[in-house]
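Here is the structure we will look at, set down as structure tokens.
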Amino acid sequence: MKSLWLLTKKNLKLLVRSKTSALVVFFAPLFIILLLGLSYNSTSKYGLNIGVYAPSFSSDVESLISSLQEQEFKIVKYNTAVDDCVKDIKAGVVHACVSVPESLTIDGNQQKEVSFFVDPSKVNLVGVIQDTLNDKFNLKSQQISKELSGNLLTAVSDTKSKLEEQGTQLSSAKEKSAAASTTTLEVSQQLSTLDLTIPTLAYDPQLIVNFKTSVSPKIKSGLADVKDARTAVESSSLEDKSAILSSLSKVEVQLKSLDTLVNGVAVSTNNNTTTNSSNTTVTAASTSFLGALTLLEDELTNTKGKLTAAATAIETTSTGLSSTTQNLQDSVSALEAAQQRVNEMKANLDGQKVTDANVLSAPLVTKIEKVAQEGSYLNYMFPALLVLVVMFSSLLLGTTLVMMEKNSPAFFRNYFLPIKKGTFVVSTYLTTMVITLIQVVIILGVSIIFLKISPLQLLPVAGALLLSSSVFSFMGMGLGYMFKSEETGTLASISTGSLMLFVSGVVLPLETISPAARNIISHFNPFVLSESVIREVFIFNAGFSSVWVELATLAGYAVGLLVVILTAEYLVHKHFISGFMKHRHLKHRQQEKRDKNNV
Amino acid sequence: MRGPITFIYYLAMMYYKKGVESLKLIELKEAGKKFRNNQILENVNITVDEGDILGIIGRSGSGKTTLLNLIAGFLEPSSGEVLHSFSVTKGPRNLYTDLHKIKDQIGYAPQHNSFYPKLTVMENLLHFGQLYNLPKATLQNNIKGLLQATGLVLHQNKLAEHLSGGMQKRLDIACSLVHKPKIIVLDEPTADLDPALQKDIMNFLAQVNKQGMTVVIASHHLNLLEKFCTKIAIVHQGKVHSSGNMEEIRKPYLKENFTISLTPGGNKEQFISLLKTLPVNKIIDRQHHIIIHPKNITKTITGLLTLIEEENLSYDLDLRRPSLDEIFETITLEK
């Protein structure tokens, strides 16, 4: 137990005394945990960019966008074409697209379709996005469904209240119609009692004509006589002419009356006497005429009576009919009102355009469209796996090669070779690239067979991989120069690779960390850049124009790191060799001492 | 026209220099080296002439390797200067700043083996040779010659890590020589080798030197250096205590001319007390023998012979000039 403790103590001392080892062994894992903890200590979904395409952004769409923004989604609007949004998914600008119709108002028995465009290659994100968007749209669908059902129920309720109202009015109309009916019956009965039969008395109308023919000239003659008499009297010198003239005037009046009577067949009984006394013909005629008149008078009296009764009946009927008319007018008004109400109700019901139960229950239907070709999860994960392999192999190779050279016995001799320092750096890089190239060729060759990928498609992938590999190689070489022992260098490489992997979004969704940190990571993490390029090229067949920014960034990294390494090599190469020499020299002396002691 | 003129000038200079003095390939003038506050070397004045085999000796930590690094141009002196004359037409120039131009003139075999253990002998030689941009035929010739000279012909296809220690050292030196430099700097090439291998290596270096290559070698094996080197520099406590050929090194220590070494057969303490009665400057007690530095060689020898005769002592007596080892020991002990 004692020896175990001593050995353990020795190991710990060695680790602590080597500053770089202590730093890497103790603090690197803690640092990584700290970073990851800080990065992923969040349950929010902020950072998910959702593209929303709509032909125009109506209030409905804006409301939907607001509800998505409440979920801390970042919304990017598209109104030209949904393809723009899909392109941005491929470019990684947005994580999903939602294509919504111009309006979410349901105006017919047609469900509104909302399409989600997701990138299935982002395996760790697609579920989250789909679920969240589905939840959101289901909620919206429920809202619309509720609204539609509410509208329908309101219409039914309105119709019901209107019908109730119309029931009262129709009862009133019914009562009025009944009253009109009764009145009409009474009028009918009253009218049926009226005797409007034509009197059947037979008289000769010629008699009156004869009478007129015989009497009328005589009356005219009498009137002429009276006129002559008046003239005579007036021309006479009679004293009392006025009495005669007065009498003559009376006669004349009588004659004129008679003439009027004869001519108008309107004879007054008071005048008959005068007429009778003037002329016997007239008398005869008058007699027959008077008889006829008497008959006529009787008939007229009789008729008058009937007409009086009729007038009374008509008056009564008229009153009844007025009442009936009023009742009927009221009924008509009531019926018209009822008809209008019915029309309104019909219009109201017609206004409920959603009558399909399916539409009512699910006004919005969601459709998920994948922006990449269907493939297995391996297809989707393949870019990440490729970059993962390239990253770790390049990092470790870079570190190991530099370490090998630094710790090689020949390190010192190389100093005296007439070769520029940069040549060693580039040769290390090329060695890494050769090995990586072999690995890439093997992996891609296998992928052609198993994933059935076109070899032509793999050429740009291979190019992008080699560029990525350059960056990671230089990083690994940098780490190799930074650390003294091969173990710490290797550990540092693995830690660096792991850190880049953890914050790449491949293991854990990058979108759960704060936007600022994510922005930095996605723009500066070479793993993310490489994976993005490979994914776009591999899955979306993106051209150079789509990925040139990432490629340029990677190339910039490679050049930058190369410059840093060359500068460092130039500045500290001598220091390395001195350290190397010192180390060897000390070892040599220790050996010498040991040899002396042995002697 | 420029080529022939330069060539003629070069020949003239060579002739002139040969006639006047041998060409100074590397010259250290008051050179010093300080690491932080630690002064490793100071005021070093050494000249490495063309064709020299310069041996650098010193105790561990005395600054031998630092001196070699200054000579090879790997380190820049903190004080003084290190000049080179690899180009006879240009005169002495700063070695450190010129190093990138004259790397193909220098071969360096450090203390440790400096080759790729996972490459074969041939691969190592080819690798380093090719990096010196030698023509293929020249390189093949060089390699062939080196393999034969180092006895690695039969092992040329073995991985370097599978070679014995001696073979590895030979390979290391071969790698330093593959481009045929003007000067080769070796840091303890015979360390950890058995005496036979040490001798082989030194013979090989002597052979190389005969072909015109200047050799600078640091070693603890003083007897070998004494035998093979044309010049010696003794480094002690950051200073070059003595430098020059063996006679020049010995000269300050020859005022008593000789050193008497005795190997006592009986009571050593008693004998030392008797020796103190003689005219001696110093008596050095080594475990197996005693070294006497006489004040007067005649009187001391006479007295010594009288003592041996009177006391009937049985001793081996060796009378000789001081060896490099002894001079070195004297210097380091004095200090």
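Numbered from 1 within each chain, the chains take letters A, B, ... in sequence-line order.
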Task: Parallel, tilted or perpendicular: rings of B:Tyr132 and B:His179 (30°, 60°) - done: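 Parallel: the ring planes of B:His179 and B:Tyr132 meet at under 30°.
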Is it the side chain or the backbone of [X] that comes within 4.5 Å of chain A heavy atoms, both, or neither?
X: B:Phe115; result: backbone
X: B:Leu99; result: side chain
X: B:Asn124; result: neither

TODO: Check whether the ring centres of A:Phe411 and A:Tyr415 lie less than 6.0 Å apart, and answer yes or no.
DONE: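 So the answer is no for these two rings.
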TODO: Could you tell me whether B:Lys180 and B:Asp104 have a side-chain N and a carboxylate O separated by less than 4.0 Å?
DONE: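 Answer for the salt bridge query: no.
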- [ ] Sort out for me which of B:Cys175, B:Gly73, B:Pro117 touches chain A most, counting heavy-atom pairs under 4.5 Å.
- [x]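 Most pairs with chain A among the choices: B:Cys175.
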Task: Sub-4.5 Å side-chain heavy-atom contact between B:Leu224 and B:Ser219 - done: no
